[in-house]
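Note sheet for the following structure.
Computed over heavy atoms, backbone and side chain alike; hydrogens, waters and symmetry mates excluded. Letters A, B, ... are given to chains in the order of the sequence lines, protein chains preceding strands, and every chain is numbered from 1.
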2 protein chains.
Amino acid sequence: MKKTIFVFSSLIIALLVLFQLSKYSYVSGDISLEIIIAIIAIVFFVIGVYINKKTLRKEKLSSPINSKNIEQLGISKREYEVLVQISNGLSNKEIAEKLFVSESTIKTHVSNLLLKLDAKRRTQAIQKAKDLHILAI
Amino acid sequence: MKKTIFVFSSLIIALLVLFQLSKYSYVSGDISLEIIIAIIAIVFFVIGVYINKKTLRKEKLSSPINSKNIEQLGISKREYEVLVQISNGLSNKEIAEKLFVSESTIKTHVSNLLLKLDAKRRTQAIQKAKDLHILAI
DNA sequence: TTGGTTTTGGTACTTTAGTATGACTCCCAA
DNA sequence: TTGGGAGTCATACTAAAGTACCAAAACCAA
């Protein structure tokens with residue numbers, strides 16, 4: 001939010017300065033109009049590139065998880081938690097400790113996940129889950 | 001992104017109107033000049049956004065794999081091939097068939113990979129490899 | 001040609017992963 | 001209030017995965 005305000009403020013100030021310059025040149029005739037326009041064009045071009053790069057970076061960071069696919073596959077809340085931990089590279093034992101349940105429980109969840117994702121292995125499950133956008137890429 | 005462009009355009013137009021209003025009280029200056037400048041600004045801003053989006057799309061398609069990290073970790077060409085197949089969710093047996101070697105060979109490669117990537121499991125290796133940008137994310 | 005790395009492969013072993021099955025509790029909607 | 005899904009856990013098993021150690025080609029640069 002602060003950044004946005006800063007960017008907008010800078011933009012407005014830049015615009016102001018440019019207007020003043022153009023006005024000045026119009027009166028005194030020192031600087032040619034074409035140069036002013038060229039500068040304005042370049043400045044706004046650069047601003048466009050900059051803004052675009054910023055917003056794209058944000059889009060990349062925010063993972064677009066498709067919760068519809070999770071539902072459609074019938075993956076429960078707990079199963080999804082396990083799936084996330086699998087994709088983080090944890091073993092069944094480690095997941096069990098992290099979620100405060102037994103390893104047997106995790107094995108059950110994993111088996112169900114493999115069925116629902118139509119995968120033979122956990123590595124394949126990771127791949128399929130990412131293809132379905134139900135895991136952050 | 002569309003929103004950003006719209007907001008900026010509106011802002012610039014609003015600014016222009018304000019300038020015109022304030023100007024009317026002082027000098028009966030050139031109205032069309034400022035409008036032209038504003039249009040140029042908007043147009044070049046949009047062009048900047050558009051150009052940037054195009055170039056970024058190209059960068060995205062060519063996976064930004066950091067080959068330096070591969071070298072620094074001492075991962076050989078063959079090992080890297082195996083790593084790619086692991087991340088695709090294949091089993092050792094399947095990788096062996098795909099690369100026309102025995103499963104023993106793949107196991108050796110995998111063990112070496114786990115050592116070099118400082119991972120305990122293949123799933124963890126996938127994670128670490130992606131963090132190091134040596135695998136397409 | 002020599003020496004080091006890569007790639008390959010094997011055996012023997014331990015550890016995880018995954019399957020199948022059954023059972024118990026909890027909760028929620030019909 | 002009852003049936004069903006979700007979550008839990010256990011046992012017993014099979015299948016992969018991974019480790020350790022060794023060794024022989026193949027390749028490549030000095």
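- For the pair A/Leu115 CG and D/dG5 P, the computed distance is 16 Å after rounding to whole Å.
- Distance, B/Arg78 CZ to C/dG9 C1': 13 Å, rounded to whole Å.
- With contacts defined as side-chain heavy-atom distances shorter than 4.5 Å, the pair B/Glu94/A/Lys120 qualifies.
- In terms of phosphate contacts, B/His109 brings a side-chain nitrogen or oxygen within less than 4.0 Å of OP1 or OP2 of C/dT8.
- Shown here for A/Leu114 and A/Ala125, the closest heavy-atom pair between the two residues is CD2-CB, 3.8 Å.
- Contact check on A/Arg78 versus A/Glu81 returns a salt bridge, with a Lys/Arg side-chain nitrogen under 4.0 Å from an Asp/Glu carboxylate oxygen.
- The two residues B/Lys128 and B/Leu117 make their nearest non-hydrogen contact at CD-O, 3.1 Å.
- Contacts with DNA chain C (heavy atom under 4.0 Å) in residues 84-107 of chain A: A/Ser91, A/Asn92, A/Lys107, listed by number.
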Show the distances under 3.5 angstrom between N or O atoms of the protein and N or O atoms of nucleotides 24-30 of chain C.
none

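- Atom CG of residue A/Leu83 and atom CD1 of residue A/Ile75 lie 6.0 Å apart, to the nearest 0.5 angstrom.
- In this structure, B/Asn112 atom CG and D/dG18 atom P are separated by 13 Å, rounded to whole Å.
- The distance from atom CD of B/Gln124 to atom CG of B/Asp131, rounded to the nearest 0.5 Å, is 10.5 Å.
- Side chain of B/Ser111 to main chain of B/Thr108: no donor-acceptor pair is present (N/O by atom type, distance under 3.5 Å, no hydrogens or angles).
- Heavy-atom distances under 4.0 Å link DNA chain C to A/Arg121, A/Arg122 of residues 117-124 of chain A, given in residue order.
- From B/His133, atom NE2 reaches atom OG of B/Ser67 across 13.0 Å, with rounding to the nearest 0.5 Å.
- Interatomic distance, A/Thr123 OG1 to B/Asn88 CG, rounded to the nearest 0.5 Å: 9.5 Å.
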N/O to N/O distances under 3.5 Å, protein versus nucleotides 3-5 of chain C:
none

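- When the P atom of D/dG5 is taken as reference, atom NZ of A/Lys77 falls 18 Å away, rounded to whole Å.
- Atoms CD and CD1, on B/Gln127 and A/Ile86 in that order, are 12.5 Å from each other to the nearest 0.5 Å.
- Contact record, B/Leu135 with B/Ser87: CD1-CB, 3.6 Å, taken as the closest heavy-atom pair.
- Considering only side-chain atoms of A/Thr108, the nucleotide from D/dG7, C/dG10, D/dC9 that sits closest is D/dC9.
- Counting non-hydrogen atoms under 4.0 angstrom, A/Ser76 reaches the backbone sugars and phosphates but no base.
- Regarding B/Leu114, its CG atom lies at a distance of 9 Å from the C1' atom of D/dA17, rounded to whole Å.
- A straight line from CD1 of A/Ile126 to C1' of C/dA17 spans 13 Å, rounded to a whole angstrom.
- Contact of the A/Val82 side chain with the A/Gln85 side chain is not registered, since no non-hydrogen atoms from C-beta on lie closer than 4.5 Å.
- Note that OG of B/Ser76 is 10.5 Å distant from CD1 of B/Ile70, once rounded to the nearest 0.5 Å.
- The closest side-chain heavy-atom distance from A/Leu73 to A/Leu132 is below 4.5 Å.
- For the helix from C/dT1-D/dA30 to C/dA30-D/dT1, the end axes, each set by the C1' atoms of five terminal pairs, are bent relative to each other by 50° (nearest 10°).
- Atoms CG (B/Leu113) and P (D/dA17) sit 14 Å apart, rounded to a whole Å.
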Side-chain donor/acceptor pairs under 3.5 Å, residues 97-104 of chain B, sequence neighbours excluded:
residue	atom	partner	partner atom	Å
B/Ser102	OG	B/Ser104	N	3.3
B/Ser102	OG	B/Thr105	N	3.3
B/Ser102	OG	B/Thr105	OG1	3.1

